[in-house]
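Contents: one structure, followed by commentary.
Predicted model, so just to flag it, every value in this text is computed and none were measured. Computed over heavy atoms, backbone and side chain alike; hydrogens, waters and symmetry mates excluded.
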Amino acid sequence: MTQELTTQCCIAGGGPAGLMAGFLLARAGVDVVVLEKHQDFFRDFRGDTIHPSTLELMYELGLIEDFLKVPHNAAETLSAVFGDEEVQIADFRHLPSHCKFLAIMPQWDFLNFLATKARDYPTFRLLMEGEVDDLIIEKDVVRGVTASVASGSVRVMADLVIGADGRSSTVRKKAGLIPQELGAPIDVLWFRLSRKLDDAPATMGRFAAGHLLVQINRGDYWQCAYVIPKGEFEAVKTAGLEQLRQTIQSLLPNLPGRTQELNDWEHIKLLTVQVNRLEKWWRPGLICIGDAAHAMSPIGGVGVNLAVQDAVAAANALAEPLRSGGPIEDALEAVQRRRMWPTRVTQQLQLIIQDRLLKPLLASKTLPEIPLPLRVFQELPVLSRLPARLLGLGVRPEHIRTPDVLASGGGRPAADTQ
């Protein structure tokens, strides 16, 4: 039997963009249904860096104390190692924000936190194991979605559908929105190694001849990203696991013997890197945000935070017309207009780093020299505050403009609306 639901806003995807948008809209009194295709948020293959821009939003929402109780590691600086030389590339300790660090937190904890806070609002519904199959379109206007759920199927009729279902977005495809591919010369192998109490705490990138590895401090283990040329994973597998272990060990001399923990290819996951964006994010009755609108390179770990910024901009523009039942097309256009520029700027910076630094590095047989700008940072460490500002706060950071219906007496929390 097909269930029938009616709501003001149906959000496909329970990632950072979808849950933040759902939370903020419900907080503003909009009736929201969020469909998340998995049964939980536990996926190891997601971004972990919560940047100061996102932490500032938690502060503006009055949630920062609760949020920082969730286990995390605070990275006040970021460094890179070229051979034996280490250089600080970002110093977040002087940002004009309440939290002057990156919070390194498994994304499932971040999503569980948002879902828990959203459930305080009676107009928020989260349907786990709810995967969008198709759009309901009438007279060229999107009116809702059909989805598969644990109990069968559901039709969700909505004034607005938000596609926040990631870089392989079903909503985007069904809406006929086609992203422009910008190219990525890299892929990433994602794995973890144990961390000991006497390991250095810093999160950093390690550059060597033909190789780049990023190690992220997750407390009791290192989350590692080993960068390879685009499409070379099968060649890496053909060379053998032992060869890969030796290569990684050469990049991590401070973690002797740790790579023996990689005793099966199942411990190593491939991230196929994409960089793309939609030229038009919306059509009547629908808008895409986050990775569905623009897939980001993992460079800088900005993807999660741009998705959250999209969600805030969307809620700021859409909450009032959705709540009042007024026309929303102008608001949809306003969301894209506001978020397209920071998306373009951020992606262009990522493309420059990919093409001018990473691609030549992976093809090189010699030890890379520290790039001239980073040499300047060595001489004048104060300059590392500049990339920290760009990385930590981003381009055109958003702020919470939506009201809180509970704070204003406009509603009562429900026990559980899932």
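Put simply, CD1 on I268 and CG on L189 are 6.5 Å apart, with the number rounded to the nearest 0.5 Å. Rounding to the nearest 0.5 Å gives a distance of 11.5 Å between CD of Q215 and CD1 of I248.
At least one side-chain heavy atom of V304 sits under 4.5 Å from a side-chain heavy atom of Q107. The shortest side-chain heavy-atom distance between E56 and P397 does not fall under the 4.5 Å cut-off. The closest side-chain heavy-atom distance from L19 to F110 is not below 4.5 Å. Looking at L252 and N254, their side chains come closer than 4.5 Å, going by heavy atoms from C-beta outward. For the pair L160 and Q8, the minimum side-chain heavy-atom distance is 4.5 Å or more. Counting heavy atoms from C-beta outward, E129 and V149 have side chains that stay 4.5 Å or more apart. Contact annotation: the side chain of I64 approaches that of L68 to within less than 4.5 Å [non-hydrogen atoms, C-beta and beyond]. Looking at heavy atoms from C-beta onward, F101 lies out of side-chain contact with T77 at the 4.5 angstrom threshold.
S153 and S148 share no side-chain donor-acceptor pair at under 3.5 Å. For H267 and E261, the side-chain atoms include no donor-acceptor pair closer than 3.5 Å. In summary, the side chains of D187 and T272 do not present any donor paired with an acceptor at a separation below 3.5 Å, with no hydrogens or angles considered. A side-chain N or O of D199 and one of W222 form a donor-acceptor pair less than 3.5 Å apart. A donor-acceptor pair shorter than 3.5 Å can be found between the side chains of S384 and Q88.
Evaluated for a side-chain contact (heavy atoms from CB on, under 4.5 Å) with V275, the options Q347, R167, H294 yield exactly one hit, Q347.
The aromatic rings of Y59 and H98 sit parallel, their planes meeting at an angle under 30°, below the 60° perpendicular limit.
For residues 312-322, every residue pair satisfying the side-chain hydrogen bond (donor to acceptor under 3.5 Å, both in side chains) rule, not counting sequence neighbours, is listed here: E320-R323. Applying the side-chain hydrogen bond (donor to acceptor under 3.5 Å, both in side chains) test to every pair with at least one member in residues 348-360, sequence neighbours left out, gives these pairs: S297-Q354. Residue pairs satisfying the side-chain hydrogen bond (donor to acceptor under 3.5 Å, both in side chains) criterion with at least one member in residues 329-338, sequence neighbours excluded, are listed as follows: W282-E333, R338-E398.
Take D109 and apply the side-chain contact (heavy atoms from CB on, under 4.5 Å) test, not counting sequence neighbours, and it matches V70, M105, P106.
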Side-chain donor-acceptor contacts of residues 173-181 below 3.5 Å, not counting sequence neighbours, with atom names and distances?
{"from": "E181", "atom 1": "OE2", "to": "N276", "atom 2": "ND2", "distance (Å)": "3.3"}

In residues 20-31, what donor-acceptor pairs under 3.5 Å come from side-chain atoms, sequence neighbours left out?
{"from": "R27", "atom 1": "NH1", "to": "T402", "atom 2": "O", "distance (Å)": "3.1"}
{"from": "R27", "atom 1": "NH1", "to": "P403", "atom 2": "O", "distance (Å)": "3.4"}
{"from": "D31", "atom 1": "OD2", "to": "T7", "atom 2": "OG1", "distance (Å)": "2.6"}
{"from": "D31", "atom 1": "OD2", "to": "R125", "atom 2": "NH2", "distance (Å)": "2.8"}

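The backbone N or O of P360 lies less than 3.5 Å from no partner atom in the side chain of S364, so there is not a single donor-acceptor pair. Of the possible donor and acceptor atoms, one in the side chain of N217 sits under 3.5 Å from a partner among the backbone N and O of P201.
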Query raised in the report: What's the verdict on ring pair (Phe, Tyr, Trp, His ring centres under 6.0 Å) for Y226 and F191, showing C-alpha distance, side-chain angles and the deciding distance?
Result: CA-CA 8 Å; Y226 177 56; F191 57 92; 7.4 Å; no
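Here the closest heavy-atom approach between residue L278 and residue A292 is recorded as CD1-O, 3.7 Å.
For the pair R192 and Y221, the cation sits on the ring face: its NZ or CZ lies under 6.0 Å from the ring centre, inside 45° of the axis.
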